[in-house]
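A short worksheet on the structure shown next.
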Protein chains: 2
Amino acid sequence: MNKPETRIQQRNRAAIMSAGLEVFSQFGLRGSTLDQIAEAAGLSKPNLLYYFRSKDAIYTALLEKLLETWLDPLLKLDPQGDPIQEVLGYVRRKLTMSKEYPRESRLFANEILLGAPHIAEHLSKDLRALVTEKAVVIREWEAAGKIAPVDPYHLIFSIWSTTQHYADFDVQVRAVLGGIDPFDDAMKYLDTLFRRMLTPPKA
Amino acid sequence: MNKPETRIQQRNRAAIMSAGLEVFSQFGLRGSTLDQIAEAAGLSKPNLLYYFRSKDAIYTALLEKLLETWLDPLLKLDPQGDPIQEVLGYVRRKLTMSKEYPRESRLFANEILLGAPHIAEHLSKDLRALVTEKAVVIREWEAAGKIAPVDPYHLIFSIWSTTQHYADFDVQVRAVLGGIDPFDDAMKYLDTLFRRMLTPPKA
DNA sequence: CCTCTCTTTGACCAGTTGGTCAAATCACGA
DNA sequence: TCGTGATTTGACCAACTGGTCAAAGAGAGG
């Protein structure tokens, strides 16, 4: 039986997760040190290891918590809503997440890029199940003539990639644009992109 | 004055670059060791350092060589060609590169993700100049009514992100699709996506 | 066959890093 | 106030890693 967490445990675990996010998202798993995380968390290194078994444990805990947050916007895609508005709303939510939670996006991207060794299972279970479910919804919308014909899986991939790009490749985007904040224009562009993609041709 | 390279130098430098690509793209800069690269190259560790000053030097050399290859498809965007075909051709070339050179794509992605500390300058010079130049071309196509109104910078970003996604996030894509090769469907999907985006509305 | 340069390597080193541990300190309910 | 379990830490360690170096080993031209 798990004992309930004390207040101190809650506070310190949260501080460690927060510090871990900050550090891991900047330097990756191998590029980050326990000392860095400890300092960011305001704790000593052995103290970190009192709360988490190992560096990997911090990283894995972070990823798993993150995955939920990451799936949430897709989960909210409502089969009952207006199809195009639902998809565009999803795009908007994802882009907003890139803007407001770039560290989370980068941490996740880094993990996938390196082969997702810590969350491979989650991807082929939870993520796959969720996407498959939503793909069915999109296919129904298409069959009902509410949206133009489209491969639902690749539609979702393209939403992920275009929106997350503004978090993961932020330096590149800003280098190209010369420092201008990209998000307003990105929002307009992506809205147009997916609107044109999905609007059914006039009969 | 630089002396010309001997055959042995050419062979070994090439072997090191190749090994470096293999290893760095799998584990990132910090996650890779000289021993790994040495073994992959079939050389001893001190021998590596006879050809390259440091681990960083191998990595940087790799990135710089890579950047050229990476810019090349965009360079080939022909202002004289048919606008929509030119863009779709660019998309096709980029997706093909993701399929055939995933290691290069991942290495590059990893560098950008971690803040591009080794190539920041290249991004804000070479890359920025090239994109700006092509953005002008796209604006002219738009002004001539050859393509629908579109933000040229974000158009390019969306081409990068959607195509590179299939290399960088390969594990995730395959986890979702259950192992089916994604590239054929991706090609069709992206062709449709950008065709619908760019086809001007009938007057 | 000699020699000069290029190439290769075994042995080594110092700094870093993840992780341990015993002892000290703290928090809180009785 | 006291006792007990939770919390914190200084000191330490073994493994790893990037990098050095002196010396040995090839290769090619004379």
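Below, chains carry the letters A, B, ... as their sequence lines are ordered, and counting in each starts from 1.
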For [X], give me all partners under salt bridge (charged side-chain N to carboxylate O under 4.0 Å, His left out), at least two apart in sequence or on another chain.
{"X": "B:D170", "result": "B:R174"}
{"X": "B:R139", "result": "none"}
{"X": "A:R53", "result": "none"}

Can you tell me how far [atom2] of [N] sits from [atom1] of [X], to the nearest Å?
{"X": "B:L49", "N": "C:dC12", "atom1": "CG", "atom2": "C1'", "answer": "14 Å"}
{"X": "A:Q10", "N": "D:dA6", "atom1": "CD", "atom2": "C1'", "answer": "15 Å"}
{"X": "A:L34", "N": "C:dT17", "atom1": "CG", "atom2": "P", "answer": "10 Å"}
{"X": "A:D56", "N": "C:dG19", "atom1": "CG", "atom2": "P", "answer": "7 Å"}
{"X": "B:I37", "N": "D:dC16", "atom1": "CD1", "atom2": "P", "answer": "18 Å"}
{"X": "B:K55", "N": "D:dT20", "atom1": "NZ", "atom2": "C1'", "answer": "17 Å"}

Does anything in residues 18-32 of chain A reach DNA chain C, meaning a heavy atom under 4.0 Å, and if so which residues?
->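 When residues 18-32 of chain A is checked for heavy atoms under 4.0 Å from DNA chain C, the hits, listed by number, are A:S32.
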What residue pairs, at least two apart or across chains, pass salt bridge (charged side-chain N to carboxylate O under 4.0 Å, His left out) with a residue in [range]?
{"range": "residues 191-200 of chain A", "answer": "A:R92-A:D191, A:D191-A:R195"}
{"range": "residues 103-122 of chain A", "answer": "A:E22-A:R103, A:E121-A:K125"}
{"range": "residues 6-21 of chain B", "answer": "B:E5-B:R13"}
{"range": "residues 55-79 of chain A", "answer": "A:D72-A:K76"}

Pairs under 3.5 angstrom, nitrogen or oxygen only, protein versus nucleotides 8-10 of chain C, please.
{"from": "C:dT8", "atom 1": "OP1", "to": "B:N12", "atom 2": "ND2", "distance (Å)": "3.4"}
{"from": "C:dT8", "atom 1": "OP2", "to": "B:N12", "atom 2": "ND2", "distance (Å)": "3.1"}
{"from": "C:dT8", "atom 1": "OP2", "to": "B:N47", "atom 2": "OD1", "distance (Å)": "3.4"}
{"from": "C:dT8", "atom 1": "OP2", "to": "B:N47", "atom 2": "ND2", "distance (Å)": "3.3"}
{"from": "C:dT8", "atom 1": "OP2", "to": "B:Y51", "atom 2": "OH", "distance (Å)": "2.5"}
{"from": "C:dT8", "atom 1": "O5'", "to": "B:N47", "atom 2": "OD1", "distance (Å)": "3.1"}
{"from": "C:dT9", "atom 1": "OP2", "to": "B:S44", "atom 2": "OG", "distance (Å)": "3.2"}
{"from": "C:dT9", "atom 1": "OP2", "to": "B:N47", "atom 2": "OD1", "distance (Å)": "3.4"}

Quick one: ring pair (Phe, Tyr, Trp, His ring centres under 6.0 Å) partners of B:F194, sequence neighbours excluded?
->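 So B:F194 forms no ring pair (Phe, Tyr, Trp, His ring centres under 6.0 Å) with any residue.
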Could you tell me, to 10°, how much the axis swings from one end of the helix from C:dC1-D:dG30 to C:dA30-D:dT1 to the other, five pairs per end?
-> 10°
Which nucleotide in the list D:dG19, C:dC28, D:dT7 gets nearest to the side chain of A:Q9?
->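 Given the options D:dG19, C:dC28, D:dT7, the side chain of A:Q9 is closest to D:dT7.
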Please work out whether the ring planes of B:F157 and A:H165 are parallel, tilted or perpendicular, with thresholds of 30° and 60°.
-> tilted
Which of parallel (below 30°), tilted (30 to 60°) and perpendicular (above 60°) describes B:Y166 and B:F183?
-> tilted
Sequence neighbours excluded, the answer for side chain to side chain donor-acceptor pair (under 3.5 Å) partners of A:D168 is A:S105
Does a side-chain N or O from A:T33 land closer than 4.0 Å to OP1 or OP2 of C:dT16, or not?
->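 Answer is no, no contact under 4.0 Å.
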